[in-house]
Amino acid sequence: MVPEQYNFTAIESRWQAQWEERGTFRAVDDDPRPKLYVLQMFPYPSGDLHAGHIRNYVIGDAVARFWRMRDYNVMHPMGFDSFGLPAEQAAIDRQIQPSFWIERCVANSRRQFKRYGFSFDWSREVVTSDPAYYRWTQWLFLKFYEMGLIYRKQIEVNWCPEHGVLANDEVKEGTCWRCDSPVVRQKMEQWCMRTTQYAKRLLDGLDRLPGWTDAVRTMQRNWIGESSGTHISFAVPDIAELVPDGFAPELTVFTTRVDTIFGCTFMAIAPDHPLAEFLAQAGGTADQLQQFAADCAREALEYGVADAEDKPKRGLRLGVDCVNPFNGETLPVFATNYVVSDFGTGAVMAVPGHDTRDHAFAREYGLAIREVIVPLEGESTVDIQQEACVEKGRCVNSGPYDGLDFPAAKEQMDAWLAEQGQGGNAIQYRLRDWNMGRQRFWGAPIPMVHCDGCGWQPVPVAELPVELPDEADYSDIRVSPLANDKQWQQAKCPACGGTATRDTDTMTTFMCSAWYFLRFCDPHNEQAPFAADKVAAWLPVDYYVGGKEHAVGHLLYSRFVTQALHDAGLLKLTKADHEHKLPELADEPFRRLFNQGIVYKDGAKMSKSRGNVVSADDLAERYGADTARLFAFFGGPADQDLEWSTSGVEGCHRFLKRVWRLARAVLNGQAISDTCGDICRQAVRARHRAVAGVTEDLVNWRFNTAIAKQMEYLNELESLWQQADGTDESQAFQSALLALSQLLSPFAPHIAEELWQRLGGMGLCCDSDWPLYDPQMLVEDTVELPVQINGKVRGRITVATEAAEEDVLAAALADERVAQWLEGKQVVKRIYVPGRMVTLVVK
RNA sequence: GCCGAAGUGGCGGAAUGGCAGACGCAGCAGACUCAAAAUCUGCCGAGGGCAACCUCGUGAGGGUUCGAAUCCCUCCUUCGGCACCA
């Protein structure tokens, strides 16, 4: 007998134990069926999962379960991105070691994941702070070092007094993304990855990723920021004696508007341009420059990033001139507050007539404004002295280039520059090299040692991992505990055997997460980060599910690492797409990308720090994991944000209780008959309709409507069961409910198993073959059609589905209500859309 | 400023050129109950009408079409990304 109550607690723990015992979700490497790699971005183990996490992970789980039932060999792994600041902060706050703290968080997160019945293959779990994992993160660092992709660079970094060095995408409006402290600029020597060397590859690769949304591809494109232009060198004879070896006495600019070169009336450079001090020295303005540079740095922080453009343009005339190579004119050089040193060459040829910023500056300092571009047709309509004209057009006052349009002028000018050795065509990227180092404890130590005699030396691979010390000393939190640990720093120089000092920086966690999807293919390998053939068996990832906050950072770094490893000959990833809809990928890791929406509660993003979380444990206790999962889907489209609502959760709980009650009633019904009456036939039709609809919705990731269709199916079955009550058709309802169990399985897997078993299904529901439908069964005998007259519905007719067009139109004209609207009118046009509607146009 | 996404009942949303509001929530009325909870049944965009029905209605305005939430143009609002990018 089926119990009266839907006891979700007992059901859920029972089936979780069953799945674990049977190893149901373990992915096998040499399974002959087609593979499907379903990856969800692994979390930072915050220690307590909330409804927002559930919403995120339920999506990939439904997809994994669905395709598993469609007989794919699905790999759906999970792990923890466990290095990083929060553990360190918790350790400081609670006076405990980060490793101890994070172990507890990982254990609890894993328990909570299991409580929700996610179909993860836990035998592949990776934890980035585990030496068995970060050993290989360090190995990859050394590999990239060997490839010449990692170098030491004196860079100006974003420095947060709390959190040390921050990446550009960790700085929000001049403040730290984690603690809101103001960020200052500081010079520091850092390990840098030459991501810019891959700028073109990373950009072009986006064209081969139709399985990504345009939004993310556009964001990456903008982030890489390719612009096509020209390099031009302006000689500065006065500094010939001053510049250090290896530097030429010239200023090189990057411009996208070389056609305006004859309108250049001064040179604008960043106050911290590499040659600025020599220029100031030559011009006798060294002291003023120092003052000006300091002012600009302070001003930049005051204004923040948001309204930098509103800043009044200021500058310092350095007192030296440079020479325009095209006409030999000498132009004054200014250090300005509007040219930044980290884009292009840090120097700009200023053309006030045709650039708004240069125009504003020229007006401020009384510099010449020259018109060198006019519209292609006719004469110029703006007063160039009042307003810059940035439109492209045709050159005037430009010597031999007069009359040329932009493409012609650029081509000829580039060619001339190249001939003179003064520049030429150039591509510039906004993307910058990737700063690998963090001055923190809780990360993978950078496997480099410094020897006074031999300089920086890589740690030999055999000595990996370079493990963190057991104890972190947080008595002085302004520096990394590693920098305080003299004993840990002691090392032997691999080159000369003398004493050396370990690098006390740890790697950015973006590096740890930039290759975990490769490790999942071969998680226990102790000889290498992964075996190429195992990666080749699983990559590329077919579905990658995660938040859009990683649209550039994580995804770009992962693509970079994959491309670089591909170039190193360590990877092959050419598996065909399981649906044969997308191109094969040569060096891209993620075939399809799905970004879920964010979960809000009370108008704010659900997060621990905001204190508006709905705890995953509370939900599971109160309603059960199945109910919570169901609402996470049902609330709206998966790619849109969701406001968490308690009453909505109750609605989903009610649905499951109704399913349970109907199953109970059907199983308690006695008579079983082979006859198939009208009600039985209707139930069968309803089943085919539900299977067809849910299948299509799952293929298209429309989970909310997939659940609505299951609710409709249940509504129909309930109403049919009421009509059938006391008759002998419970057999038909048993098969109807078996199908419902299967449809429910990707969403509410525990109740699905329970019903499946009680209804007499073979084996596990989640292992069963996804139900099929017969398209013939979706076709009804008759169909009701609306009849429109001039676009408004004026009547309804019921006709045979297969009826011929003339018969349908005749029936429409014959309809009583329609006839009324036709009185005294002339029908000028008749349209029949089969199965949809009839339209009459009258005059 | 540039790029991207979105705007539909009281609410979450459905419909992507063909009956606007599926499904759910909330609300109202009723049944069961001593009562409540749970459950079940019915109603549920606005205005008009006793009613059958009629008119209006998908951020605003225009357009294409027999027919537009859906396609095109202009504008407004909200959210996300980038930003003195030369």
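Throughout, a chain's letter reflects where its sequence line sits, starting with A, and its residues are numbered from 1.
- Every residue meeting the salt bridge (Lys or Arg N to Asp or Glu O under 4.0 Å) condition with A/D214, not counting sequence neighbours, appears here in chain and number order: A/R217.
- Judged as a ring-ring contact (aromatic ring centres under 6.0 Å, His included), and not counting sequence neighbours, A/F343 has no contacts.
- Between A/N222 atom CG and B/G1 atom C1' there is a gap of 14 Å when expressed in whole angstrom units.
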Counting primed atoms, P, OP1 and OP2 as sugar-phosphate and everything else as base, the B/S/- map of nucleotides 37-49 of chain B against protein heavy atoms under 4.0 Å is -SSS---------

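- To the nearest 0.5 Å, atom CG of residue A/D639 and atom CG of residue A/N595 are 8.5 Å apart.
- Comparing the same atom, P, in B/G12 and in B/G17 gives a spacing of 25 Å after rounding to whole Å.
- Within the 4.0 Å cut-off from OP1 or OP2 of B/G24, not a single side-chain nitrogen or oxygen of A/N704 is found.
- Nucleotides B/G18 and B/C72 have their P atoms positioned 15 Å apart, rounded to a whole Å.
- The nearest heavy atom of RNA chain B to A/Q640 and to A/G648 marks one nucleotide each, and the one closer to the 5' end goes with A/Q640.
- Remark: A/N595 is not in phosphate contact with B/A5, judged by side-chain N or O atoms under 4.0 Å from OP1 or OP2.
- Comparing B/C23, B/A14, B/C82 by their closest approach to the side chain of A/F634 singles out B/C23.
- Taking the P atoms as reference points, B/C25 lies 10 Å from B/C40, given to the whole Å.
- Listed nucleotides: B/A86, B/G13, B/U55. Nearest to the side chain of A/F254: B/A86.
- Residues meeting the ring-ring contact (aromatic ring centres under 6.0 Å, His included) test with A/F8, sequence neighbours left out: A/Y6, A/H653.
- For residues 347-356 of chain A, the pairs satisfying side-chain hydrogen bond (donor to acceptor under 3.5 Å, both in side chains) are A/D355-A/R357, with sequence neighbours left out.
- Between A/R430 and B/A83, a side-chain N or O to OP1/OP2 separation shorter than 4.0 Å is present.
- When each of A/A347 and A/N715 is assigned the nucleotide of RNA chain B bearing its nearest heavy atom, the one mapping closer to the 5' terminus is A/N715.
- Partners of A/E226 according to the salt bridge (Lys or Arg N to Asp or Glu O under 4.0 Å) rule, which considers only residues two or more places apart in sequence or in another chain, are A/K200.
- Nucleotide B/G9 carries a syn base; the chi torsion (O4'-C1'-N9-C4 or O4'-C1'-N1-C2) is within 90° of 0.
- The CD1 atom of A/I427 sits 12 Å away from the P atom of B/A86 (whole-angstrom rounding).
- Going from the P atom of B/A60 to that of B/G10 covers 14 Å, rounded to whole Å.
- Counting any heavy atom pair closer than 4.0 Å across all strands shown, A/W821 reaches sugar-phosphate atoms only and no base atom.
- Judged by distance alone, the side chain of A/D433 and the main-chain N or O of A/T196 form a donor-acceptor pair under 3.5 Å.
- Here the options are A/W644, A/F747, A/F703, the test is ring-ring contact (aromatic ring centres under 6.0 Å, His included), and the partner is A/F631; only A/W644 passes.
- Remark: A/R689 pairs with A/E716, A/E780 by the salt bridge (Lys or Arg N to Asp or Glu O under 4.0 Å) rule, at least two apart or across chains.
- No contact: A/R702 has no heavy atom under 4.0 Å from any strand.
- Here the nucleotide nearest the side chain of A/M711, chosen from B/A86, B/G4, B/C23, is B/C23.
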Pairing annotation in dot-bracket form, given for RNA chain B with Watson-Crick or G-U pairs under 3.5 Å and | for cross-strand partners: (((((((..(((.....[....))).(((((.......))))).((((....))))..(((((..]....))))))))))))....

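- Nearest to the side chain of A/A708, among B/C3, B/A22, B/C84, sits B/A22.
- Of the candidates B/C54, B/A86, B/A14, B/A86 carries the atom nearest the A/T255 side chain, counting heavy atoms from C-beta on.
- As a whole-Å value, the separation of A/D259 CG from B/A86 P is 14 Å.
- Comparing B/C43 with B/G9, their C1' atoms are spaced 15 Å from each other, to the whole Å.
- You'll find the side chain of A/L251 reaches within 4.5 Å of the side chain of A/I269, heavy atoms only.
- Residue A/K548 is classed as having no contact, given no heavy-atom separation below 4.0 Å to the nucleic acid.
- Rounded to an integer number of Å, the gap from CG of A/L630 to P of B/C25 is 12 Å.
- Counting non-hydrogen atoms under 4.0 angstrom, A/V339 reaches a base of the nucleic acid.
- For B/A86, the OP1/OP2 oxygens have a side-chain nitrogen or oxygen of A/S227 closer than 4.0 Å.
- Within 3.5 Å, a donor on the side chain of A/K313 pairs with an acceptor on the base of B/C84, or the reverse.
- When distances run from any side-chain atom of A/N337 to the nucleotides B/A86, B/C84, B/G12, the shortest one goes to B/C84.
- A/D355 has its CG atom 14 Å from the P atom of B/C84, to the nearest Å.
- Summarising the geometry, the separation between CD1 on A/I707 and C1' on B/G13 is reported as 13 Å, rounded to the nearest angstrom.
- Listed pair A/K792 / B/C53 fails the phosphate criterion, with no side-chain N or O lying under 4.0 Å from OP1 or OP2.
- Residues in residues 700-711 of chain A take part in these salt bridge (Lys or Arg N to Asp or Glu O under 4.0 Å) pairs, two or more places apart or across chains: A/E696-A/R702, A/D697-A/R702, A/D697-A/K709.
- In this structure the side chain of A/D342 reaches within 4.5 angstrom of the side chain of A/R432, judged on heavy atoms.
- Relative ring orientation between A/F254 and A/H231 is described as perpendicular, the plane-to-plane angle rising above 60° on a 0-90° scale split at 30° and 60°.
- Spacing between atom CZ of A/R794 and atom C1' of B/A52 amounts to 14 Å, rounded to whole angstrom units.
- We find that CD of A/E643 is positioned 17 Å from P of B/G7, with the value rounded to whole Å.
- At a threshold of 4.0 angstrom between heavy atoms, the contacts of A/G225 with the nucleic acid are absent.
- Residues satisfying the salt bridge (Lys or Arg N to Asp or Glu O under 4.0 Å) criterion with A/D626, sequence neighbours excluded, are absent altogether.
- Of the P atoms belonging to B/A6 and B/A15, the separation is 14 Å, rounded to the nearest Å.
- Within the structure, the salt bridge (Lys or Arg N to Asp or Glu O under 4.0 Å) test picks out no pair touching residues 830-841 of chain A (sequence neighbours left out).
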Please list, for nucleotides 16-21 of chain B, all pairs of protein and nucleotide N/O atoms separated by less than 3.5 Å.
from  : atom 1 : to     : atom 2 : distance (Å)
B/G18 : O2'    : A/R836 : NE     : 3.4
B/G18 : N2     : A/Q788 : OE1    : 3.2
B/G18 : N2     : A/T839 : OG1    : 2.9
B/C19 : O2     : A/R796 : NH1    : 2.6
B/C19 : O2     : A/R796 : NH2    : 2.8
B/C19 : N3     : A/R796 : NH1    : 3.3

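- Residue A/D358 is out of contact with every strand shown, counting any heavy-atom pair closer than 4.0 Å.
- Between B/G42 and B/A22, the distance separating the two P atoms is 15 Å to the nearest Å.
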